[in-house]
Amino acid sequence: MASGKEWISVSDLMSVLMMVFLFIAILFMLQVQSEQQEVEQQHQAMAAVATSYDVARNGLHRELNTAFGDKLARWNAEILADGTMRFNHPQALFNVGSSELNDDFRQTLDDFFPRYVAVLSSEEWRDEISEIRIEGHTSSDWSGSLPDNEEDKYIRNAKLSQERAFAVLEYVYQLPAEQQRRMWLRQVLRATGASYAEPVLAEGEEDATRSRRVEFHAMPRADEKIYDILRQL
């Protein structure tokens, strides 16, 4: 009889263990299912944000072309696919090695910037723009530097590009504007120098002339949402 009771106890124990393993398996399956649903929701959110970003970018590109299409040739400017306003022809922007705006560029900014701000601060775009970034860019050249002294050239060009971007910001911020728009500009207007980190290429080689430029980037809030989702992932 004792032997029979022992076998019954072992059988009961095995049943309990099987129930425990089954419970663990169910919990694991539920957790995997929950994680899959969460990943799917994140993917759907990213797709929605990406769609929103694409729609906003295309819409802004169209609106800027409508506002400035007839001025681009005169300004020697172009509108990139992402809505970036790029001003070329370095001799009309600054003197060589200088951050002082040339008269031609001042006149261009007088005409361009108030209308640019009017577009971006409109009811349609105001809440969609997180930052207006003025970027100064140079070529990899530097008059007076040794050809093999890359560190010196980079630092000097970084300083020059930053000074040029700030000079543009300082000038456009002081242009006449409604107080409400000026308050908004204080929240979104930034200046940064990129040195020659982002050259314009022609057939795989740096186009030194076109690399010396000033760009206005309207940064959409969709960027922030994408970064938030990526951090969660």
Side-chain angles (χ1 to χ4, degrees), residues 49-90 92-94 99 101 104-106 108-122 124-140 157-158 160-173 175 181 184-185 187-202 206-227:
V49 171
T51 300
S52 174
Y53 178 87
D54 195 50
V55 170
R57 185 181 68 172
N58 292 335
L60 181 60
H61 184 270
R62 286 194 300 270
E63 188 153 351
L64 292 176
N65 264 300
T66 299
F68 302 119
D70 60 339
K71 300 275 190 176
L72 298 178
R74 189 199 315 172
W75 293 343
N76 204 336
E78 57 187 312
I79 304 174
L80 306 187
D82 64 354
T84 295
M85 294 288 304
R86 174 181 289 176
F87 291 89
N88 302 299
H89 191 44
L93 305 179
F94 307 92
S99 61
L101 279 64
D104 287 346
F105 194 29
R106 291 173 187 267
T108 295
L109 293 173
D110 289 344
D111 191 10
F112 158 74
F113 194 72
R115 297 165 63 188
Y116 183 65
V117 173
V119 171
L120 297 184
S121 64
S122 66
E124 180 178 1
W125 296 107
R126 185 184 186 93
D127 294 334
E128 299 296 324
I129 302 300
S130 64
E131 182 177 308
I132 299 175
R133 184 184 304 164
I134 302 172
E135 290 186 358
H137 296 263
T138 68
S139 70
S140 61
N157 276 302
L160 177 61
S161 62
Q162 181 66 53
E163 290 173 346
R164 286 179 169 178
F166 180 77
V168 174
L169 182 150
E170 183 178 29
Y171 184 79
V172 298
Y173 181 74
L175 292 175
R181 286 180 179 171
W184 181 69
L185 284 175
Q187 298 173 5
V188 299
L189 197 59
R190 306 287 184 271
T192 183
S195 191
Y196 53 85
E198 300 175 23
V200 175
L201 303 180
E206 177 189 17
D207 185 326
T209 299
R210 294 189 65 215
S211 292
R212 304 182 192 110
R213 65 198 190 275
V214 171
E215 296 181 349
F216 287 76
H217 292 269
M219 313 298 292
R221 292 196 183 279
D223 287 348
E224 299 174 354
K225 297 177 182 178
I226 291 174
Y227 293 149

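These numbers come from a predicted model, not from an experiment.
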> Using the ring of each side chain (for Trp, its six-membered ring), is F112 parallel, tilted or perpendicular to F216, with breaks at 30° and 60°?
Replying inline: perpendicular
>> Between V117 and V172, is the side-chain contact (heavy atoms from CB on, under 4.5 Å) condition met? List the steps.
In response: CA-CA 10 Å; V117 173; V172 298; over 6 Å; no
> Would you call R212 and N157 a side-chain contact if the rule is heavy atoms closer than 4.5 Å?
Replying inline: no
>> Between Y171 and F105 (judged by ring centroids, cut-off 6.0 Å), do the two rings come close enough to count as a pair?
In response: no
> If we only count heavy atoms from C-beta on, is the D104 to H89 side-chain gap below 4.5 Å?
Replying inline: no
>> Tell me if a side-chain donor or acceptor on E63 pairs with a main-chain N or O of V119 at a distance below 3.5 Å.
In response: no
> Are the side chains of P90 and T209 in touch, meaning some heavy atoms are under 4.5 Å apart?
Replying inline: yes
> How many angstroms lie between atom CG of L185 and atom CD1 of I132, to the nearest 0.5 angstrom?
Replying inline: 6.0 Å
>> If you define the side chain from C-beta out and look only at heavy atoms, does anything of M219 sit under 4.5 Å from S130?
In response: yes
>> Would you say that N65 contacts H61 through its side chain, given a criterion of any heavy-atom pair below 4.5 Å between the two side chains?
In response: yes
>> If you compare all heavy atoms of L160 against all heavy atoms of S99, which two are closest, and at what distance to 0.1 Å?
In response: CD1-N, 4.3 Å
> Should F113 and V168 be marked as a side-chain contact (heavy atoms from CB on, under 4.5 Å) after you check the CA-CA gap, both sets of side-chain angles, and the distance that decides it?
Replying inline: CA-CA 10 Å; F113 194 72; V168 174; over 6 Å; no
> Within the side chain of S139, is there an N or O that forms a donor-acceptor pair under 3.5 Å with the backbone of S211?
Replying inline: no
>> A side-chain contact here means heavy atoms from C-beta on lying under 4.5 Å apart; do E135 and V214 qualify?
In response: no
> What pair of heavy atoms forms the shortest contact from L169 to I134, and how long is it?
Replying inline: CA-CD1, 3.7 Å
> Any idea which heavy atoms bring E206 and P199 closest together, and the distance?
Replying inline: CG-CB, 3.9 Å
> L101 versus L109: any side-chain heavy-atom pair under 4.5 Å?
Replying inline: yes
> Taking all atoms of both residues into account, what is the closest heavy-atom pair of Q162 and G193, and its distance?
Replying inline: OE1-N, 2.9 Å
> Do we see a donor-acceptor contact under 3.5 Å between the side chains of T84 and H217?
Replying inline: yes
> Quick one: do R213 and E78 make a salt bridge, cutoff under 4.0 Å?
Replying inline: no
>> Between V200 and H137, is the side-chain contact (heavy atoms from CB on, under 4.5 Å) condition met? List the steps.
In response: CA-CA 10 Å; V200 175; H137 296 263; over 6 Å; no
> Hey, does the side chain of T138 reach the backbone of S195 with a donor-acceptor pair shorter than 3.5 angstrom?
Replying inline: yes
>> Treating R115 as the side-chain partner and A67 as the backbone partner, does any N or O pair qualify as donor plus acceptor under 3.5 Å?
In response: yes
>> Between I79 and M85, does the side-chain contact (heavy atoms from CB on, under 4.5 Å) criterion hold? Intermediate values first, please.
In response: CA-CA 5 Å; I79 304 174; M85 294 288 304; 3.4 Å; yes
